[in-house]
Amino acid sequence: IVHSERYWTLNMAQVSLNEQKDNQVLDDIKARYAIMDTGVSYAIIPVDDFLLIKEYLKTNFSVSCKEPEKSSLTSTHTCTCPDHDILPDIQISLQQSEGSTSEKKTFTLPKESYMEKVGQGCNTLRLTPSTERFGQKEDSYYWVLGDIFLQNYYSIYDLSKNRMGLIENKDFTARKW
């Protein structure tokens with residue numbers, strides 16, 4: 001937990017796309033913090049991080065996304081792709097404490113959670129780009145991980161000790177959003 005924040009915030013060490021054959025680390029991701037927010041349906045991420053992921057999906061998986069007509073924190077992109085089943089999962093590595101060599105734990109945001117499947121193809125991309133600054137650190141970027149992430153984990157919040165835990169929901173891949 002990042003103690004100086006007003007949200008349940010964790011240090012984000014790395015983001016990668018886990019393909020069937022390979023794990024592609026996205027070194028250019030700007031965000032270094034992840035906010036857990038049960039009041040957000042999707043994931044709100046910095047515009048630069050969104051464009052990096054969107055471009056990777058376009059280049060490697062032929063995902064084509066159309067911008068929403070109106071832009072807001074709840075706007076989503078409508079996408080098409082030839083085969084939803086080959087899309088990568090997003091791997092998010094979180095650390096216990098800031099700036100340390102503490103142990104990282106990697107959490108999965110499965111393709112079923114971040115991209116709606118219609119037939120064999122894609123529909124709604126549930127990652128929302130934003131220029132908003134949510135945390136108190138002016139020079140840092142944040143991902144706000146809402147229900148599309150938290151549905152895959154049991155989250156435990158201990159306010160008195162300022163800590164939280166995430167435990168994998170073993171049935172998360174079977175869920176339909």
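Note: hydrogens, waters and symmetry copies are ignored here, and every other heavy atom, side chains too, is used. Just so we're clear, the structure is a prediction, and the values are computed from it rather than from any experiment.
Of the inter-residue distances, the one linking T124 atom OG1 with I148 atom CD1 reads 11.5 Å to the nearest 0.5 angstrom. One finds the OG1 atom of T38 at 7.0 Å from the CG atom of L150 (value rounded to the nearest 0.5 Å). For the atom pair CE of M36 and CH2 of W143, the computed distance is 11.0 Å after rounding to the nearest 0.5 Å. A distance of 11.0 Å separates CE of M164 from CG of D158, quoted to the nearest 0.5 Å. Taking CG of N18 as the start and CG of L87 as the end, the distance is 12.5 Å to the nearest 0.5 Å. Here the CG-CG distance, from L10 to L166, works out to 6.5 Å after rounding to the nearest 0.5 Å.
The nearest pair of heavy atoms linking P88 to Y114 is O-OH, 2.5 Å. When all heavy atoms are compared, the tightest approach of W8 to R163 is CZ3-O, 3.3 Å. Closest heavy-atom contact between F50 and L125: CE1-CD2, 3.5 Å. The heavy-atom pair separating R32 from D27 by the smallest distance is NH2-O, 4.4 Å. I45 approaches D49 most closely through the heavy-atom pair CD1-C, 4.1 Å. Of all the heavy atoms in L109 and S113, the pair that sits closest is CD1-CB, 3.8 Å.
Other residues, nucleotides and ligands contribute over 12 non-hydrogen atoms within 6.0 Å of the CD1 atom of I156.
Taking hydrophobic clusters as Ile, Leu, Val, Met, Phe, Trp and Tyr residues chained together by side-chain heavy-atom distances below 4.5 Å, L57 does not share a cluster with V118.
D89 meets the side-chain hydrogen bond (donor to acceptor under 3.5 Å, both in side chains) test with no other residue; sequence neighbours excluded. Partners of S16 under the side-chain hydrogen bond (donor to acceptor under 3.5 Å, both in side chains) rule, at least two apart in sequence or in another chain, are N23.
Counting only heavy atoms from C-beta outward, the side chains of M115 and V63 approach each other to under 4.5 Å. E112 is not listed as a side-chain neighbour of K117, based on a closest heavy-atom distance of 4.5 Å or more. E132 is not listed as a side-chain neighbour of V144, based on a closest heavy-atom distance of 4.5 Å or more. Proximity of I92 to L145: side-chain heavy atoms (C-beta onward) are separated by under 4.5 Å at one or more points. With a 4.5 Å cut-off on side-chain heavy atoms, L94 and K105 do not count as touching.
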Show your reasoning for whether side-chain contact (heavy atoms from CB on, under 4.5 Å) applies to N60 and Q24.
-> CA-CA 11 Å; N60 296 285; Q24 178 64 44; over 6 Å; no
I90 and L127: side-chain contact (heavy atoms from CB on, under 4.5 Å), yes or no, with the steps?
-> CA-CA 11 Å; I90 297 175; L127 304 175; 4.0 Å; yes
Could you walk me through whether L26 and I53 pass side-chain contact (heavy atoms from CB on, under 4.5 Å), step by step?
-> CA-CA 8 Å; L26 300 176; I53 292 170; 3.9 Å; yes
Step-by-step side-chain contact (heavy atoms from CB on, under 4.5 Å) determination, L52 to D48 = CA-CA 6 Å; L52 185 67; D48 290 343; over 6 Å; no
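Ring planes of F107 and Y153: perpendicular class, angle over 60° (limits at 30 and 60°).
Disulfide criterion (SG-SG under 2.5 Å) for C122 and C79: not met.
Panel note: side chain H77, backbone P129; no donor-acceptor pair is recorded below 3.5 Å. Remark: side-chain polar atoms of T78 are not paired, donor with acceptor, to backbone N or O of K66 under 3.5 angstrom. In this structure, T128 contributes its side chain and S75 its backbone to a donor-acceptor pair below 3.5 Å.
Checked by atom type, the side-chain pair S93/Q14 shows no donor-acceptor distance below 3.5 Å.
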